[in-house]
Amino acid sequence: MTSSLPFQIPTAALLVLALVLGGCDSFVDKSPISNPSRATFYETQEDFETALAGAYDALQKEGTFSNNYWVLFEMRGDNTDQGPDQTGLAQKIALLNQFEETTTNELVRQSWIDTYDGIERCNIILDQVENLPDGNFKDQVRGEALFLRSLYYYHAAVAWGSITLKTESTAGPDQAAQSNSQTDGPGPVYEQISGDLETAQGLLPSSYDGGSAYKATSGAANALLGKVYLTMGRRGDAETALQRVIDSGEYQLVDSYENLWGPENENNAESIFEAQYTPTGGEGSPFTNTFAPAAAAVPGGVGEGLAENRPTVPMKEAYLDVDGPRFQASMDTSYIESDGSAEPARFIRKYESEPFANFEAENNWIVLRYADVLLMMAEAVGPSPRAWDLIDQVRDRSLPDPQFDVDRSGDFHEQLLRERQVELAFENHRWPDLKRFEQYIDGVAFEEVSDELGGLTQSNFNLLYPIPQREVDVAGLDQNDGYGGGGG
């Protein structure tokens with residue numbers, strides 16, 4: 001199945017958009033953007049559709065979903081590690097996995113830059129949306145921009161805690177320098193996000209016709225809102241938001257877990273929001289090559305694998321049934337190098353396909369899906385028959401055999417966290433989950449990750465990433481309290 005092509009903007013429009021959006025290396029040194037240029041660009045529906053395409057396009061950046069988010073939000077936990085190659089750029093990834101990153105780590109810095117680039121693109125749209133006449137399109141544009149900005153800010157808050165919170169676009173270096181106010185922890189960011197998403201879910205449609213499956217819906221806004229409320233400890237509000245998703249009737253679990261993955265299954269009935277990749281124009285995804293075993297020719301495609309984001313042994317052991325569909329569709333241990341000298345390699349299978357060029361495949365990245373909503377709802381309502389029923393809906397799709405029934409006499413939250421681990425493996429949920437479940441299980445993030453790494457102590461365990469040194473030096477931001485300072 002060929003995905004919709006949301007980001008193939010006409011060349012002339014791209015040139016105008018590049019001038020309007022500019023670069024976003026830092027808010028302080030951002031190139032000036034003239035107000036007259038914006039005033040003349042943001043006039044028609046087509047202008048705003050082009051600008052929104054740019055805001056969605058930032059999801060594909062190296063510092064967001066194409067590369068760095070899986071390092072920051074999946075590998076940081078106990079699900080994956082860097083694998084055998086820890087030289088060159090791979091060493092910077094390995095240091096993040098081992099909690100030894102420094103304030104100059106390039107991956108952390110690029111994630112900051114690209115995340116804020118996405119935020120700035122949304123801020124420009126929100127500043128200019130009043131140019132549109134009142135109506136459904138204006139509401140939709142505002143809702144989409146609020147959702148996307150919230151998605152970028154959610155990742156920033158989880159990663160860095162105390163960050164720059166900007167809700168207006170940058171007109172030039174002077175204004176940027178004056179507006180770099182740093183939050184006191186992630187709380188103000190989550191408050192902003194929750195308010196924005198409450199607004200967005202009331203503005204966005206529940207679905208779209210035609211080739212607009214990539215666009216944010218009210219379901220996407222409510223799913224992210226539920227996640228944010230859970231992070232804030234507001235479980236009653238999370239239940240309200242998540243119930244809206246369930247009651248919408250727009251989503252359902254697909255019958256077979258393996259039918260969630262691959263280009264032919266993009267934007268399926270379970271999917272709520274995906275970062276989209278297309279098979280032409282340099283808009284392909286790198287995941288197939290990045291996650292394939294090292295020196296393995298990608299079947300039917302181009303290039304070899306990097307063996308990055310390798311599943312850990314504890315990740316393999318978390319599955320109750322290694323012959324079941326969740327394990328089989330998620331990871332593999334069968335590959336052995338051609339000379340027979342290596343042990344079977346552990347590697348991710350969820351993003352396998354046939355790349356049309358090296359690091360250019362059609363696989364989307366599922367950001368939010370219905371199984372996540374059901375498990376979040378179980379978390380929101382807490383230990384109860386209803387919560388177990390929600391968990392069963394997800395688990396029974398992949399573990400129908402009664403021998404795999406969970407012993408409900410055990411700790412509810414420990415079992416829910418384990419269920420989330422195997423259901424949502426390799427989808428960037430593990431590190432936020434480990435941190436969020438500290439509300440229910442004391443020391444869960446430290447215990448889980450330290451068990452996987454071995455020898456990790458509280459003194460060198462960082463719940464937050466360091467704010468890039470350049471932002472400290474140039475923008476005057478304070479280094480966050482949760483960063484202990486790594487070696488390497």
Side-chain angles (χ1 to χ4, degrees), residues 73-74 76-79 158 190 222-247 251 253 257 270 272 312 314-322 324-327 330 368-452 463:
F73 302 107
E74 187 70 22
R76 186 69 152 192
D78 54 338
N79 280 5
V158 172
Y190 292 133
N222 278 310
L224 181 57
L225 180 59
K227 193 178 293 288
V228 171
Y229 277 144
L230 287 173
T231 304
M232 299 170 75
R234 293 168 56 176
R235 292 190 283 279
D237 291 329
E239 182 179 353
T240 299
L242 296 168
Q243 192 63 49
R244 294 186 196 124
V245 182
I246 295 171
D247 290 344
Y251 310 102
L253 298 176
Y257 190 84
E270 186 169 333
I272 297 175
T312 62
M315 177 73 250
K316 177 184 176 182
E317 293 173 346
Y319 289 93
L320 295 174
D321 181 13
V322 296
R326 277 202 294 209
F327 181 88
S330 299
L368 296 163
R369 60 184 174 95
Y370 192 56
D372 186 14
V373 166
L374 295 177
L375 295 176
M376 286 194 292
M377 179 62 91
E379 180 182 343
V381 301
S384 63
R386 183 188 178 200
W388 283 115
D389 287 343
L390 290 161
I391 294 171
D392 286 344
Q393 286 184 51
V394 176
R395 191 188 69 239
D396 288 353
R397 169 176 61 183
S398 300
L399 297 173
D401 193 318
Q403 69 173 306
F404 297 114
D405 280 351
V406 173
D407 178 5
R408 297 189 181 186
S409 64
D411 183 86
F412 170 81
H413 290 105
E414 288 181 357
Q415 295 190 49
L416 176 56
L417 182 60
R418 181 190 183 102
E419 186 64 29
R420 289 186 61 82
Q421 181 182 20
V422 295
E423 173 67 28
L424 304 170
F426 321 128
E427 298 175 50
N428 293 357
H429 297 285
R430 184 58 172 171
W431 181 240
D433 280 358
L434 288 174
K435 293 177 64 175
R436 189 175 72 252
F437 270 68
E438 296 279 1
Q439 298 176 74
Y440 321 108
I441 311 170
D442 289 341
V444 62
F446 173 71
E447 294 299 332
E448 295 288 340
V449 178
S450 61
D451 286 348
E452 186 269 313
L463 285 175

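With sequence neighbours left out, Phe437 forms a ring pair (Phe, Tyr, Trp, His ring centres under 6.0 Å) with Tyr440. The ring pair (Phe, Tyr, Trp, His ring centres under 6.0 Å) search around Phe412 returns Trp388, not counting sequence neighbours. Checked against salt bridge (charged side-chain N to carboxylate O under 4.0 Å, His left out), Arg234 has the following partners two or more places apart in sequence or in another chain: Glu191, Asp237. Residues that satisfy the ring pair (Phe, Tyr, Trp, His ring centres under 6.0 Å) test with Phe73, not counting sequence neighbours, are Tyr69, His155. Every residue two or more places apart in sequence or in another chain was checked for a salt bridge (charged side-chain N to carboxylate O under 4.0 Å, His left out) with Asp451, and none qualifies. Contacts of Asp372 classified as salt bridge (charged side-chain N to carboxylate O under 4.0 Å, His left out), with partners at least two apart in sequence or in another chain: Lys227, Arg420.
With Glu438 contributing its side chain and Val444 its backbone, the two residues share a donor-acceptor pair below 3.5 Å. Between the side chain of Ser398 and the backbone N or O of Pro325, no donor-acceptor pair lies under 3.5 Å. Using modelled atom types, no side-chain atom of Thr231 and backbone atom of Tyr229 make a donor-acceptor pair closer than 3.5 Å. In this structure, Glu74 contributes its side chain and Asn428 its backbone to a donor-acceptor pair below 3.5 Å. Judged by distance alone, with hydrogens and angles left aside, the side-chain atoms of Lys435 form a donor-acceptor pair with the main-chain N or O of Val158 at under 3.5 Å.
With hydrogens and angles left out, the side-chain atoms of Asp433 and Gln421 include no donor and acceptor closer than 3.5 Å.
Residues Val373 and Leu368 fail the side-chain proximity criterion, which asks for heavy atoms closer than 4.5 Å. Residues Trp431 and Leu463 are in side-chain contact: their nearest non-hydrogen atoms beyond the backbone lie under 4.5 Å apart. In this structure the side chain of Asp78 reaches within 4.5 angstrom of the side chain of Leu434, judged on heavy atoms. Contact check for Val381 versus Met377: side-chain heavy atoms found under the 4.5 Å cut-off. Side-chain contact between Arg369 and Leu424 is present, with at least one heavy-atom pair separated by less than 4.5 Å.
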>> For a side chain to side chain contact (heavy atoms under 4.5 Å, CB included) check, start with the C-alpha distance between Leu253 and Leu374, then their side-chain angles and the critical distance, and finish with the verdict.
In response: CA-CA 10 Å; Leu253 298 176; Leu374 295 177; 4.0 Å; yes
>> Is there a side chain to side chain contact (heavy atoms under 4.5 Å, CB included) between Leu375 and Leu390? Walk through the geometry before answering.
In response: CA-CA 7 Å; Leu375 295 176; Leu390 290 161; over 6 Å; no
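The line from CD of Glu379 to CG of Leu417 is 9.0 Å long, rounded to the nearest 0.5 Å. Separating the NE2 atom in His429 from the CZ atom in Arg436 is a distance of 9.5 Å, to the nearest 0.5 Å. Rounding to the nearest 0.5 angstrom, the gap separating the CE atom in Met315 from the OG atom in Ser330 is 7.5 Å. Rounded to the nearest 0.5 Å, atoms CZ (Phe327) and OH (Tyr319) are 7.0 Å apart.
Scanning all heavy atoms of the two residues, the minimum distance from Ala241 to Gly226 falls at CB-N, 4.0 Å. Residue Pro314 comes nearest to Glu452 through the heavy atom pair CG-CG, 4.0 Å, listed as atom of the first residue, atom of the second, then distance. Between Ala425 and Asn79, the shortest heavy-atom contact is CA-ND2, 4.2 Å. Counting all heavy atoms, side chain and backbone alike, Tyr251 lies closest to Val245 at CD1-CG1, 3.8 Å. The two atoms that bring Gln439 and Gly233 nearest to each other are OE1-CA, 3.1 Å, heavy atoms only. For Ala378 against Ile391, the heavy-atom pair with the smallest separation is CB-CG1, 3.9 Å.
A salt bridge links Arg397 with Glu270: the closest approach of a Lys/Arg side-chain nitrogen to an acidic carboxylate oxygen falls below 4.0 angstrom.
By the neighbour-count criterion of 12 heavy atoms within 6.0 Å, atom CG of Asp442 is sparsely surrounded, having that number or fewer from other residues, nucleotides or ligands.
The only member of Arg326, Arg430, Arg395, Arg418 that meets salt bridge (charged side-chain N to carboxylate O under 4.0 Å, His left out) when paired with Glu423 is Arg326.
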